[in-house]
Amino acid sequence: MPQPLHELPQEDRVYRMRHSAAHIMAEAVLELFPGAKFAIGPPIEHGFYYDFELSRPLTPEDLGAIDERMRATIAADHPFVHREVDKEEARRLFADQPFKLELIDGIEVDQMSLYEHGEFTDLCEGPHVERTGQVGAFKLASVAGAYWRGDEHKPMLQRIYGLLFEKKKELKAHLAMMEEAEKRDHRRLGRELELFTTHELIGAGLPLWLPKGATVRRLLEEFITELERQAGYSHVYTPHIAKKDLYELSGHWDHFKDDMFPVMELEHEEMVLRPMNCPHHILIYASKLRSYRDLPIRLAEMGTMYRNERSGVVGGLSRVRAMTLNDAHIFCTPEQVKAEFSNVMRLVEEAYDTLGITEYSYQLSLRDPANTEKYAPDDAMWEMAEPMLREAMTELDLPFTEAIGEAAFYGPKLDIQLRDTMGREETFSTVQIDFHLPNQFDISYIGEDGAEHRPVIIHRGVISTMERMMAYLIEHYAGAFPLWLAPVQAIVIPIADRHIEYAQKVIDDLQAAGLRVELDDRGERMQAKIRDAQLQKIPYMLIVGDREQEADAVAVRQRDGANLGALPLFQVIDRLKDEVTTKC
RNA sequence: GCCGGCGUAGCUCAGUCUGGUAGAGCAGUCGAUUCGUAAUCGACAGGUCAAGGGUUCGAUUCCCUUCGCUGGCUCCA
């Protein structure tokens with residue numbers, strides 16, 4: 001006897017509701033589009049989807065009609081009935097459903113599990129709710145294209161996404177949360193706060209950093225560069241282009257060509273924009289004879305590179321075609337790999353801690369053994385590098401998941417994943433163990449024994465690309481950067497024109513103390529100036545009127561609305577400088 | 001790259017379905033106001049309706065192409 005729905009844990013109940021709603025939606029689509037072919041429809045985070053092949057594209061208006069049919073099914077409160085048939089029977093039942101037939105052929109056992117409600121039957125493992133009336137609160141969200149079985153060489157189907165929660169209140173809360181998330185979308189705040197912009201004439205994925213955004217970026221770069229300097233890195237500069245031959249040697253041309261901009265023909269050579277910085281750094285390593293005493297050598301650079309991302313994926317700052325990576329390559333002996341790896345992880349933790357990044361996950365990105373042509377062909381290398389990373393993570397006692405097929409072409413990676421406000425996951429930090437490129441470039445060091453040895457390269461990016469980190473931080477702080485990162489740290493607001501002279505003196509003192517300040521000397525009322533400063537998310541508003549002028553003071557209002565009242569100017573300067581130093 | 005959706009002033013959006021060359025708020029400029037913790041008042045200015053082509057007596061509106069933005073899919077820092 002199955003357990004009644006209400007006795008199940010909440011997680012299981014919602015899972016069943018989402019799964020069942022997908023069936024109900026498929027039924028509605030089949031009714032409205034006779035002859036529709038349906039593929040798969042699983043529950044997902046926050047809801048469900050179902051993929052269909054239809055005679056015409058779905059419009060947002062179709063969603064209304066589908067929604068209505070679904071509600072009728074829910075009101076009818078049909079029971080979900082489970083039964084099992086053999087393959088032959090299943091093939092007969094789904095004779096006009098090619099996707100289902102393909103699924104049936106792919107199942108090992110002969111027992112086919114079916115779920116029915118009303119007139120609708122689906123090939124499905126379950127489990128489901130008991131009756132259609134139990135599916136909870138849902139809303140059809142969007143239509144999208146999706147490849148059959150996630151393979152871009154297979155036909156593209158139409159996917160309908162739905163949101164579903166057990167209670168209406170939860171659905172409403174989720175919708176409100178999404179609305180809030182939209183307000184912190186870095187593309188929107190980037191425009192409102194004048195951080196970056198784009199222009200058609202420059203091109204997709206090629207953002208322009210405005211003065212305020214550039215200030216934040218420069219501070220980030222200075223921050224990480226200083227951390228690296230303390231951690232024993234040497235910073236270098238290298239050009240953004242090189243001969244194509246360089247990338248033929250490295251293997252990029254073979255494995256990464258599709259992501260590179262087309263070749264530029266010069267008189268006698270072919271040049272390319274670099275898609276990665278490693279070859280340049282390797283040639284710096286190779287520029288002189290190295291001794292084991294020199295290792296590890298840690299070469300770092302804000303490395304700007306160019307990738308010909310497919311047009312459908314670029315957008316905002318998080319996916320661009322010109323990007324600057326907080327890059328470094330550590331050349332070390334095999335014995336030093338683990339220690340260097342844990343040093344990098346410590347650096348990541350320290351950087352994240354200061355930037356206020358607390359939610360992230362570790363992903364061990366491995367090659368896909370079933371698809372080895374995507375990767376450097378040296379099996380022995382992979383068999384050595386992958387366990388090395390796994391062991392290092394275990395020794396550091398850090399939890400991680402493993403992702404098959406996510407490795408770089410030259411080696412496995414440890415990726416650190418963050419989620420944006422809309423819940424999309426992206427790689428930020430990455431640490432890669434590379435035994436491949438040292439061979440390609442035939443680099444070496446002289447060991448204690450006087451013989452040549454092959455170094456290992458650790459590729460690592462700590463705070464990702466400036467673009468992606470900026471996108472993350474804008475959303476993370478909702479544009480309200482902590483004082484040390486704020487492009488404008490304080491704005492001085494004179495109440496009337498007769499206070500401008502004193503306000504200018506306040507500005508001078510603040511600037512002399514190294515603070516980034518602005519003067520609002522517009523002929524507006526103080527309230528309007530406060531409102532504008534508030535919308536610009538400036539951390540401190542320093543208001544000066546007769547009383548402050550008299551006392552060599554400023555009235556301090558914080559971005560969160562707190563009014564600290566009049567304080568002596570020198571005291572405010574100390575307070576701000578202190579807050580900048582502690583980066584909190 | 002693929003499947004949808006969208007592109008009207010710097011920004012947010014009316015108007016497009018039912019073709020007759022555009023309107024608001026905010027921002028901007030100018031003037032008045034000189035004000036005590038989230039929007040002072042008034043005037044002015046601002047648009048080859050993304051670009052190109054087609055249909056039409058006539059296209060912002062209908063059709064096609066390109067570009068850009070956007071939600072997904074695939075791919076990735």
Side-chain angles (χ1 to χ4, degrees), chain A residues 49 51 53-54 56-60 62 141-161 185 187-188 191-192 194 197-205 256 258-259 275-276 303 305 307-321 323-327 365 405-406 408 413 415-418 422 424 426-430 459 461 463-469 471-472 493-500 523-535 541-548 555-559 561-566:
Chain A
Y49 69 78
D51 289 346
E53 188 178 74
L54 304 171
R56 65 165 175 86
L58 283 166
T59 64
D62 291 326
S142 57
V143 290
Y147 298 105
W148 168 233
R149 301 208 137 172
D151 182 342
E152 63 177 319
H153 304 295
K154 294 207 159 90
M156 178 158 276
L157 309 174
Q158 299 191 62
R159 174 173 297 177
I160 306 177
Y161 281 100
D185 186 313
R187 292 167 297 194
R188 174 179 173 149
R191 183 176 57 241
E192 290 174 357
E194 295 182 17
T197 190
T198 54
H199 198 283
E200 263 189 60
L201 288 174
I202 291 177
F256 215 73
D258 291 345
D259 296 301
M276 291 185 187
M305 55 212 193
R307 295 185 185 176
N308 186 10
E309 300 289 346
R310 307 212 270 179
S311 59
V313 306
V314 294
L317 286 180
S318 46
R319 195 74 183 269
V320 293
R321 284 179 168 153
M323 67 211 85
T324 301
L325 180 67
N326 162 229
D327 204 2
S365 299
E406 296 293 317
K413 314 188 285 175
D415 291 327
I416 300 181
Q417 307 294 111
L418 269 65
M422 302 307 282
R424 290 171 290 221
E426 280 170 324
T427 300
F428 277 70
S429 311
T430 178
H459 306 238
I463 59 166
S464 187
T465 61
M466 295 307 104
E467 289 76 13
R468 189 165 277 186
M469 183 50 81
Y472 180 84
I493 298 178
I495 288 177
D497 285 356
R498 66 176 178 280
H499 308 120
I500 289 180
E524 290 288 347
R525 298 171 61 209
M526 179 199 66
Q527 282 88 340
K529 295 180 185 181
I530 288 176
R531 181 184 143 85
D532 289 342
Q534 203 72 53
L535 291 175
M541 282 151 258
L542 307 178
I543 293 142
V544 297
D546 291 334
R547 298 200 291 268
E548 289 74 21
V556 180
R557 179 191 162 102
Q558 291 178 312
R559 166 168 68 186
N563 184 353
L564 306 186

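Nothing here was measured: the structure is a model prediction, and the numbers come from that model. Note: hydrogens, waters and symmetry copies are ignored here, and every other heavy atom, side chains too, is used.
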Whether [X] contacts [N] is assessed here as follows: a side-chain N or O lying under 4.0 Å from the phosphate OP1 or OP2. Is that the case?
| X | N | result |
| --- | --- | --- |
| A:Arg188 | B:U12 | no |
| A:Arg149 | B:C73 | no |
| A:Tyr161 | B:C3 | no |
| A:Arg187 | B:G71 | yes |

For [N], the Watson-Crick or wobble partner whose two distances fall under 3.5 Å:
| N | answer |
| --- | --- |
| B:U40 | B:A32 |
| B:A22 | none |
| B:C62 | B:G54 |
| B:C67 | B:G7 |
| B:G46 | none |
| B:A14 | none |

Cationic N near anionic O, under 4.0 Å, A:Asp415 to A:Lys413:
yes
Contact class for [X] vs. all strands (heavy atom < 4.0 Å): base, sugar-phosphate, or nothing?
| X | value |
| --- | --- |
| A:Glu194 | nothing |
| A:Ala144 | base |
| A:Lys154 | nothing |
| A:Arg191 | sugar-phosphate |
| A:Gly523 | base |
| A:Gly150 | sugar-phosphate |

Atom NE2 of A:His459 and atom P of B:A77: how far apart are they, to the nearest Å?
12 Å
Tell me the interatomic distance from A:Glu524, atom CD, to B:U33, atom P, rounded to whole angstroms.
15 Å
With the side chain of A:Met156 defined as its heavy atoms from C-beta on, choose the nearest nucleotide among B:G71, B:A39, B:G72.
B:G72
Starting from the C-alpha separation in whole Å, work towards a yes-or-no answer on side chain to side chain contact (heavy atoms under 4.5 Å, CB included) for A:Thr465 and A:Thr324.
CA-CA 5 Å; A:Thr465 61; A:Thr324 301; 5.9 Å; no
